[in-house]
Amino acid sequence: MSCAIRHDWQYEQVLSLFDLPFNDLLFKAQSIHRQFFNPNQVQISTLLSIKTGACPEDCKYCPQSAHYNTSVKAERLMQVEQVIREAKKARDNGSTRFCMGAAWKNPKARDMPYLLMMIKGVKALGMQTCMTLGTLSREQADELSSAGLDYYNHNLDTSREYYQQIITTRSYDERLQTLEYVRQAGMNVCSGGIMGLGETVDDRISLLCQLANLPEHPQSVPINMLVKVAGTPLQDAEDIDQFDFIRCIAVARVMMPKSHVRLSAGREAMNEQTQALCFMAGANSIFYGCKLLTTPNPEESSDMKLLKKLGIEREAVATTAGNKTETEKLYQQIIEQQNSGPKLFYDAS
Ligand code: SAM
Ligand code: DTB
Ligand code: SF4
């Protein structure tokens with residue numbers, strides 16, 4: 001059975017995937033997975049919140065929105081040096097991609113020089129770089145790409161039809177526009193969604209069709225399970241059935257065979273068996289490290305134990321940077337700049 005890369009998925013076809021008996025769906029997803037990937041490898045990314053809280057957007061799931069009263073404390077943009085230090089720790093723990101997230105509607109012009117330094121510094125460590133900063137202009141996408149940003153994460157999160165029930169401060173089309181700028185700037189797209197927002201199966205189908213019918217499949221597709229945070233409007237949302245979550249992973253794998261599908265937020269609420277079934281369904285990427293952006297993720301040691309039990313290895317990456325002398329040189333430059341030149345952080349929130 002060979003499998004074509006398609007961009008013309010129709011609702012009924014995806015519904016028939018969701019309607020398959022569980023074992024048939026998993027068998028199909030695993031068979032497709034094996035055509036493109038080593039089934040015993042996962043890609044490992046580490047997240048860091050470089051600008052936390054006080055976000056003007058009203059995403060009903062998010063603990064960082066200024067609209068809700070959660071325990072997240074607002075912080076300023078992190079210093080460049082500290083970001084690079086955290087990336088180095090993640091690299092030394094075996095992570096190959098460093099994802100930097102900011103609770104912004106969009107980055108401001110004054111933020112850009114710091115963001116570009118972060119990208120260069122993390123890249124010089126030999127890691128792949130990813131950022132998620134909200135809406136981008138075409139120029140910002142070009143600047144980030146020129147600095148060496150490998151991936152831009154920008155989730156569609158749910159269906160177009162359900163979007164306004166979850167977020168009222170931006171439109172679905174704004175999201176799609178940023179994805180287009182990211183693609184045009186030559187960066188890899190990371191885009192997925194959250195399951196467990198109270199959406200219907202039709203919403204899940206609609207989201208997956210949006211992602212799979214983009215001009216190119218996102219290279220990375222994070223499938224998050226809602227992390228319910230006290231103070232957010234979705235704090236008491238009904239749990240998504242774990243088999244239904246696994247089905248979402250499997251259908252994403254079938255529709256986007258060459259993409260890395262990330263078993264993303266929500267692993268803290270899953271047992272080992274559920275996670276193993278997600279890998280069987282074709283997930284081949286995880287966030288590694290005991291914190292996501294603001295909420296807990298499994299400890300590194302328990303993830304290592306699980307991967308060992310399953311015989312799964314970390315996927316290696318071929319990087320162009322990472323030469324030790326170059327890394328140290330860049331790191332030194334950043335420290336020197338901090339001591340003499342323009343400040344590497346500022347006081348605005
Ligand atoms: N502010 C930027 C944006 O929204 O694009 C970047 C950061 S935002 C925290 C990145 C993603 O985190 C969101 O698109 C959403 O998918 C995910 N996320 C936020 N809160 C979550 C939660 N409670 N559970 C699961 N995923 C969540
Ligand atoms: C994604 O799809 N999930 C990550 C990452 N991309 C940026 C974020 C998950 C956030 C979970 C809630 C929190 O820790 O604040
Ligand atoms: Fe802001 Fe992103 Fe959270 Fe929405 S998901 S409130 S845009 S940080």
Side-chain angles (χ1 to χ4, degrees), residues 45-68 70-75 77 97-107 111 115 130-136 151-158 163 166-172 174-179 182 189-199 207 211 218 220-237 239-240 245 248-249 252 259-270 283 285-298 349:
S45 297
T46 296
L47 271 172
L48 176 69
S49 179
I50 58 170
K51 159 67 187 80
T52 303
C55 183
E57 304 270 37
D58 69 351
C59 315
K60 285 199 171 75
Y61 46 79
C62 185
Q64 302 200 68
S65 167
H67 296 256
Y68 317 123
T70 70
S71 62
V72 169
K73 287 212 191 70
E75 289 170 19
L77 181 63
R97 191 180 306 162
F98 198 61
C99 305
M100 296 161 267
W104 284 326
K105 184 175 183 64
N106 52 263
D111 304 313
L115 298 171
C130 176
M131 280 185 168
T132 179
L133 313 166
T135 303
L136 296 181
Y151 287 80
Y152 194 76
N153 166 246
H154 201 63
N155 291 338
L156 293 178
D157 284 314
T158 191
Y163 207 65
I166 299 296
I167 302 155
T168 68
T169 48
R170 64 171 181 252
S171 71
Y172 214 66
E174 276 176 69
R175 268 335 234 192
L176 291 170
Q177 180 63 260
T178 292
L179 291 180
V182 169
V189 168
C190 171
S191 189
I194 309 179
M195 304 299 161
L197 301 174
E199 75 284 350
L207 167 66
L211 293 166
S220 177
V221 181
I223 306 291
N224 296 277
M225 191 173 82
L226 175 70
V227 179
K228 293 186 237 175
V229 180
T232 62
L234 290 174
Q235 63 175 11
D236 297 319
D239 282 337
I240 175 172
F245 181 81
C248 294
I249 300 252
S259 305
H260 276 83
V261 174
R262 181 175 302 129
L263 168 55
S264 195
R267 290 198 298 119
E268 187 69 343
M270 290 174 204
S285 171
I286 55 168
F287 283 124
Y288 182 64
C290 61
K291 203 170 171 196
L292 292 164
L293 290 172
T294 65
T295 63
N297 197 39
S349 64

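Along the sequence shown, residues are numbered consecutively beginning with 1. In each ligand, atom 1 is the first atom listed, and ligand 1 is the first ligand listed.
- Scanning the protein heavy atoms around atom 4 (Fe) of ligand 3, the nearest turns out to be Cys59 SG, 2.3 Å.
- Of the heavy atoms in Ser49, none comes closer than 4.0 Å to ligand 2.
- Under a 4.0 Å heavy-atom criterion, Cys99 is not in contact with ligand 2.
- From the protein, the heavy atom lying nearest to atom 8 (C) of ligand 2 is Leu293 CD1, 3.8 Å.
- Every atom of ligand 1 is numbered from 1 in the order shown, and the set under 4.0 Å from a heavy atom of Leu293 is 9 (C).
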Original post:
Run the side-chain contact (heavy atoms from CB on, under 4.5 Å) check on Ser191 and Leu179 step by step: do they pass?
Top reply: CA-CA 8 Å; Ser191 189; Leu179 291 180; 3.9 Å; yes

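- Residue Tyr61 approaches ligand 3 through these ligand atoms, each under 4.0 Å from one of its heavy atoms: 5 (S).
- Contact annotation: for Leu234 versus ligand 1, there are no heavy atoms closer than 4.0 Å.
- A 4.5 Å side-chain heavy-atom check between Leu156 and Leu207 finds at least one atom pair inside the cut-off.
- Looking at atom 27 (C) of ligand 1, its nearest protein heavy atom turns out to be Ile194 CD1, 3.7 Å.
- Contacts of Val227 with ligand 2, taken as heavy-atom pairs under 4.0 Å, are absent altogether.
- Protein heavy atoms are absent from the space less than 4.0 angstrom from atom 12 (O) of ligand 1.
- At a 4.0 Å heavy-atom cut-off, ligand 3 does not touch Lys60 at all.
- A side-chain donor-acceptor contact under 3.5 Å links His67 to the backbone of Pro56.
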**OP:** Assess whether side-chain contact (heavy atoms from CB on, under 4.5 Å) is satisfied between Ile223 and Phe245, documenting all intermediate values.
**Re:** CA-CA 9 Å; Ile223 306 291; Phe245 181 81; 3.7 Å; yes

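- Within the 4.0 angstrom cut-off, atom 2 (Fe) of ligand 3 has no protein heavy-atom neighbours.
- The closest approach between any non-hydrogen atom of Cys55 and ligand 1 is not below 4.0 Å.
- Closest to atom 6 (N) of ligand 2 by heavy atom, among Thr294, Thr70, Asn153, Val229, is Asn153.
- Among protein heavy atoms, the minimum distance from atom 6 (C) of ligand 1 is reached at Thr132 OG1, 3.0 Å.
- Here the side chain of Asn297 pairs no donor or acceptor atom with the backbone of Leu292 at under 3.5 angstrom.
- Remark: side-chain polar atoms of Glu199 are paired, donor with acceptor, to backbone N or O of Leu197 under 3.5 angstrom.
- The shortest separation from a heavy atom of Ser264 to ligand 2 is under 4.0 Å, placing the residue in contact.
- Listed for the Thr232 side chain is no donor-acceptor partner under 3.5 Å among the backbone atoms of Pro63.
- Per-residue contacts place Val227 under 4.0 angstrom from the following atoms of ligand 1 (heavy atoms of the residue considered): 22 (C), 23 (N), 24 (N), 25 (C).
- Not one N or O of Asn153 is nearer than 3.5 Å to an N or O of ligand 1, by distance alone.
- Side-chain N or O atoms of Lys51 include one that pairs as donor or acceptor with a backbone N or O of Gly53 at under 3.5 Å.
- Checked by distance only, ligand 2 and Thr295 come closer than 3.5 Å through their nitrogen or oxygen atoms.
- Using modelled atom types and a 3.5 Å distance limit, the side chains of Asp157 and Tyr61 yield a donor-acceptor pair.
- Side-chain atoms of Thr135 and Asn106 include no donor-acceptor pair closer than 3.5 Å.
- Formation of a donor-acceptor pair under 3.5 Å by the Thr132 side chain with backbone atoms of Gly101 is not found in this model.
- Polar contact check, Phe287 against ligand 2: no nitrogen or oxygen pair lies under 3.5 Å apart.
- Residue Asn155 places at least one N or O, backbone or side chain, under 3.5 Å from an N or O of ligand 2.
- Nearest non-hydrogen protein atom to atom 9 (C) of ligand 2 is Ala265 CB, 4.0 Å.
- Put simply, no part of Gly101 is less than 4.0 Å from ligand 1, judged by heavy atoms.
- Inclusion of Cys62 in the first shell of atom 3 (Fe) of ligand 3 is supported: an N, O or S atom falls under 2.8 Å.
- Closest heavy-atom approach to atom 7 (S) of ligand 3 among the candidates His67, Lys51, Arg170: Arg170.
- Considering backbone and side-chain atoms alike, Tyr61 places an N or O below 3.5 Å from some N or O of ligand 1.
- Proximity of Arg175 to ligand 1 is established by a heavy-atom distance of less than 4.0 Å.
- When Ile167, Thr158, Asp157 are ranked by how near their heavy atoms come to atom 15 (C) of ligand 1, first place goes to Asp157.
- Remark: among candidates Ala102, Ser49, Ser264, the nearest residue to atom 7 (C) of ligand 1 is Ala102, based on non-hydrogen atoms.
- Between the side chain of Tyr163 and the backbone N or O of Arg170 there is no donor-acceptor pair closer than 3.5 Å.
- Put simply, the side chain of Tyr68 gets close to the backbone of Asp58: a donor and an acceptor are under 3.5 Å apart.
- Closest heavy-atom contact between Asn224 and Ser264: OD1-OG, 2.8 Å.
- Listed by atom number, the atoms of ligand 1 under 4.0 Å from Gly134 heavy atoms are 2 (C).
- With ligand atoms numbered from 1 in the order given, ligand 3 contributes 8 (S) to contacts under 4.0 Å with heavy atoms of Ala103.
- Proximity to Thr132 (heavy-atom distance under 4.0 Å) selects the following atoms of ligand 2: 7 (C).
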